[in-house]
Amino acid sequence: MNKSKHHHRILVDLIRNKRWHYLGSVVAVSIASYFMFLVPTIGQVVIDRVITDPPVVSDSLLNRLIDWTGGAETLSEHLWWAGLAIVLTTALAGAFMYLKDYLAARACEDTVRDLREQLFAHIHRLSETYLNGADSGDIVQRCTSDMDTLRQFLTMQVMDMGRTVVLMCIVVPLMFMVSPIMAGVSLFMLPIVFTFAWVYFGRVKGLFQEVDEAEGELTTIVQENLTGIRVVRAFARQDYECEKFEQGNARYRDLNFKLIRMLSNFWASSDLLCLIQNGFVLVGGGYLASIGVITVGTYFAFMLYANMLIWPIRQLGQQLSEAGKATVAIGRIQEILDAPEESTSDREQDIPESVTGDIEFDRVTFGFDPAKPVLKNVSFQIKAGETIAIVGPTGAGKSTLIQLLMRLHDANEGRIRLGGYDLTEVSRQSVRRRIGTLLQEPFLFSRSLRDNIKFGRANASDAQMIRSTTDAAVHHTIEAFQQGYDTVIGERGVSLSGGQKQRVTLSRTLLREVPVLVLDDTLSAVDSNTEREILKALGRKRGEQTLLIITHRISVCRQADRVFVMQDGQLTEQGTHEQLQQVPGFYQQLWTIQSGQKAQFEADADAEPADLHRPIAPVG
Ligand SMILES: Nc1ncnc2c1ncn2[C@@H]1O[C@H](COP(=O)(O)OP(=O)(O)OP(=O)(O)O)[C@@H](O)[C@H]1O
């Protein structure tokens, strides 16, 4: 399908939901336009009947109204009636314009809100593969600045364009009915003004885009510097980053300056064109009135009609050519909406709350690129309540194994079962609700500690929350904060240390009381005392939950019922710590290195403290 047609269809679908509001605003603007047309007409009739000598009488509705109220004499005695009529008609035009603005704003804002919600919900359903490859800054830009471009287009430009078109459709035929020759004089510059604006803005469009891109680049620099400010400081690269920002900033200023210059040229030249049009009406109409082709009243009315149309037409040229910007924005939004969601099937049901923590991998093979498997024919069974430590070199596939268990991806081959349920036959959401995970990188929201901890179980009581923070060895730390659990933590929890963040996220996971708990290298960021406390707390729950701990530490493996060794996507060893340390292989090597390091550390610790201050013997 033609891409831009596809984009327009999305817009049409959204607008269709609010069609009555849009229709109402079109009706309102039509009525307002008619009243706006009526104002000069009242002036025209008054001039022709009361001021002109001899009076000019036509068969119009207004003339008949004057006759009905007592004729021109009565009107000249009560000229304020005409003034009042003009005020009332203007007020009615204003009221209908207000109604049109109200209905249109409601419709447009609702349309954009619907689209925003649709987009946000879709982002939550996007596939893991898409999210892994996506640039989050770009997605944020599409959800905010592109959405705003679209909002402005719908709420302002479309409405103004619609108003101009309706005005033209109503006023132009009426002008021709009043005086075809004056209509010709008043309108002949209109196509020129429109074309000038259209062509000019078509040419400036590229510059608009350049300004947008320069602004985007500047935003990216600021965003990156804020996120990575500690790295910049650590490498003492502030000057370099400031210089980079200055370059981008200067480019942005230069482009904006160029744009403003070009726009000033446009406004000045188009003003001139519009004034030439007014001049034609002034001179041409005056001449036609002087030779009696039109009445003085008609001359007066057309001076106002011409002004009513020429300025909006100038804007219309600009708006139409700028509509391209909105088309680009909706195209970019549509690209996200078209991105693949996590797959679901009709057979999927929710896994029951009471599911046990038995896990089975049955000849599972998986690769992000199926041609290059990351997990190769992995099989194992874990009984509910077992504690399993998973070790292996970096990149062996340990985290990927957990991602498959959580159905972030589906296996290319083989079956994975949780509590006997084949994961492909149950909904992803329900699987994730039954597994508590602690990721390598702790993430906290910029909310209070209470909100963060209760994130996975909003209805938990404070007592339950405190039990989980105590288990995670962080309760006393939180209590020491001035506002305790109500302490609001900065973006990504910057006011907490790495270990504290890790423990808060652990308490958040512990609070969920799920049959399976996964710690993905979580303990590496805490000191050995905290590790011991956490393991002790987890030990108290031993047998209640299946616990999978990805780790590099033998001290953790010793506490596990079994140890799995992953190497190059395969499960190469499994058994208890005691069994595996006897078998030559990866685990034995790990144990040898770490127990050797421990022995060395203990020997150093036992050494005479004076040794540290022993004078260094001269070399040679
Ligand atoms: N999203 C992804 N897309 C493509 N390849 C990936 C992706 N995530 C991981 N990989 C690759 O899959 C392999 C296994 O990665 P995984 O994160 O499972 O290793 P790991 O054993 O957990 O390593 P570590 O101990 O360093 O965390 C690696 O070669 C990695 O490069």
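Counting convention: from 1, in listed order, for ligands and their atoms alike. Hydrogens, waters and symmetry mates play no part in the numbers below; they use all other heavy atoms, side chains included.
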Query - atom 30 (C) of ligand 1 touched by protein heavy atom at under 4.0 Å - result: no
Query raised in the report: Between F235 and R237, is there a cation-pi geometry (under 6.0 Å to ring centre, at most 45° from the normal)?
Result: no
Report task. Pull out every atom of ligand 1 sitting under 4.0 Å from any heavy atom of T400, numbered as shown with elements. Result -> 14 (C), 15 (O), 16 (P), 18 (O)
Report task. Considering only non-hydrogen protein atoms, determine which one is nearest to atom 25 (O) of ligand 1 and report residue, atom name and distance to 0.1 Å. Result -> K398 NZ, 2.9 Å
Query raised in the report: Ion pair present between K454 and D451, side-chain N to carboxylate O less than 4.0 angstrom?
Result: no
Requested in this report: In plain terms, say whether K376 and D568 are close enough for a salt bridge, that is, a side-chain N and a carboxylate O under 4.0 Å apart.
Outcome: yes
Requested in this report: Among all protein heavy atoms, pick out the one at the shortest distance from atom 9 (C) of ligand 1; state its residue, atom name and that distance to 0.1 Å.
Outcome: F368 CE1, 3.5 Å
Requested in this report: Answer yes or no: is there an ion pair linking E413 with R363, defined by an N-O contact shorter than 4.0 Å?
Outcome: no
Query raised in the report: Would you say A396 and ligand 1 have an N/O pair spaced under 3.5 Å apart?
Result: yes
Query - Salt-bridge contact R151-E109 (side-chain N to carboxylate O under 4.0 Å) - result: yes
Requested in this report: Assess G392 for proximity to ligand 1: is some non-hydrogen atom of it under 4.0 Å away?
Outcome: no
Report summary line: ligand 1 atoms nearer than 4.0 angstrom to some heavy atom of V374 are 12 (O), 13 (C), 14 (C)
**Report entry** Cationic N near anionic O, under 4.0 Å, D410 to R428
**Finding:** yes
Query raised in the report: In the protein, what heavy atom is nearest to atom 27 (O) of ligand 1, and what distance, to one decimal place, separates them?
Result: Q440 NE2, 2.9 Å
Query raised in the report: Can a salt bridge be assigned to the pair D486 and R450 using a cut-off of 4.0 Å between side-chain N and carboxylate O?
Result: yes
Query - Carboxylate-amine/guanidinium proximity below 4.0 Å for R558 and E578 - result: no
Query raised in the report: To the nearest 0.1 Å, how far is atom 1 (N) of ligand 1 from its closest protein heavy atom, and which atom is that?
Result: N132 ND2, 3.0 Å
Report task. Measure from atom 17 (O) of ligand 1 to the protein's non-hydrogen atoms and state whether any distance is below 4.0 Å. Result -> yes
Query raised in the report: ligand 1 versus T394, non-hydrogen atoms closer than 4.0 Å: side chain, backbone, both, neither?
Result: both
Query - Check: G395 N/O within less than 3.5 Å of ligand 1 N/O - result: yes
